[in-house]
Amino acid sequence: MVAPFSPTGRVEVVAQQLLGCVLSSGAVAGRIVEVEAYGAEDDAASHAFRGPTARNASMFGSPGTLYVYLIYGMHWCANVACGPPGEASAVLIRALEPVQGLDLMWSRRPKARAEVDLCSGPGKLCASLDITGDHDGVSLLRSPPGSFGPTLRRGSLHGGEEIVCGPRIGITKEVDRPWRFAISGNRYMSRPLM
DNA sequence: TTTCCGATGTACT
DNA sequence: GTACATCGGAAAA
């Protein structure tokens with residue numbers, strides 16, 4: 001298959017290329033509408049800032065490797081590693097527009113009050129897709145569409161859609177770097193851009 | 001409606 | 001001991 005992004009591109013460029021792509025897992029799928037880019041040693045907000053550890057090992061994997069980690073002791077966050085060999089950049093998937101398996105998403109997220117709440121946040125979308133630490137390190141590109149595990153497939157922006165950017169959310173370092181990207185006007189993003 | 005804060009585990013100082 | 005790429009319930013307005 002054709003890779004949904006250029007493996008050796010700069011992380012902030014890859015992040016924008018991932019907008020519009022479809023992330024699926026089993027019978028559930030969503031269109032990526034919001035992401036954040038995280039760099040390597042040059043980005044103090046990145047998990048890779050201090051070099052490889054047991055937790056961030058997947059960030060150093062080949063492009064298309066899924067990096068899943070636990071945040072605040074209870075929520076999983078999914079990233080796509082995208083750096084060339086030796087460079088651990090990754091893109092955090094922040095929000096999806098649900099496109100398939102809505103019933104299953106609802107059953108996994110009974111607290112959701114509306115469809116827009118199903119995948120409008122990094123922890124929410126992992127719950128809806130049932131992405132956990134078990135999936136850390138798997139390739140999103142190797143498995144064919146329709147396979148059971150997490151898979152990424154190419155997508156594109158629709159007519160009239162534009163990419164907008166702003167500062168990343170929930171960090172205390174590098175707060176001014178505008179590395180949060182979203183599809184303009186999309187109602188499924190986690191929060192408005194600042 | 002907006003704001004505040006507790007839950008809960010892992011990594012790092 | 002403290003911070004953390006979050007979420008959702010309770011309190012305030």
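All chains are named by letter (A, B, ...) in the order of the sequence lines, taking the proteins before the strands, and each is independently numbered beginning at 1.
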Rounded to whole angstroms, how far apart are [atom1] on [X] and [atom2] on [N]?
X	N	atom1	atom2	answer
A:N79	C:dT6	CG	C1'	14 Å
A:E34	C:dA5	CD	C1'	11 Å
A:K124	C:dG8	NZ	C1'	9 Å
A:M59	B:dA11	CE	C1'	15 Å
A:H75	C:dA3	NE2	P	19 Å
A:L70	B:dC12	CG	P	14 Å
A:Y38	C:dC4	OH	P	12 Å
A:L125	C:dA5	CG	C1'	12 Å

Complementary nucleotide for C:dA10 - Watson-Crick or wobble, under 3.5 Å: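 Paired with C:dA10, as far as the under-3.5 Å criterion goes, is B:dT3.
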Watson-Crick or G-U counterpart of C:dA5, or none if no pair lies under 3.5 Å: none
First encountered from the 5' end of DNA chain C, between A:G73 and A:D117: A:G73
OP1 or OP2 of [N] versus the side-chain N and O atoms of [X]: is any pair under 4.0 Å?
X	N	value
A:K111	C:dG9	yes
A:R191	C:dT6	no
A:R50	B:dT13	yes
A:R109	C:dG8	yes
A:T172	C:dC4	yes

Polar side chain donor-acceptor pair, A:Y188 to A:E34, under 3.5 angstrom: no
side-chain contact (heavy atoms from CB on, under 4.5 Å) between A:L118 and A:L102, intermediate numbers included: CA-CA 9 Å; A:L118 288 173; A:L102 282 280; 3.7 Å; yes
Under-4.0 Å salt bridge between A:E36 and A:R191: no
Spacing of the P atoms in C:dA3 and B:dC5 (rounded, Å): 16 Å
CA sep, side-chain torsions, deciding dist, call: A:T65, A:L141, side-chain contact (heavy atoms from CB on, under 4.5 Å): CA-CA 8 Å; A:T65 298; A:L141 307 181; over 6 Å; no
Please classify the nucleic acid contact of [X] as base, sugar-phosphate, or nothing, using heavy-atom distances under 4.0 Å.
X	result
A:A45	base
A:T53	sugar-phosphate
A:L92	base

Lys NZ or Arg CZ of A:R168 over A:Y38 ring: under 6.0 Å, within 45°: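 The answer is yes, since A:R168 meets both limits relative to A:Y38.
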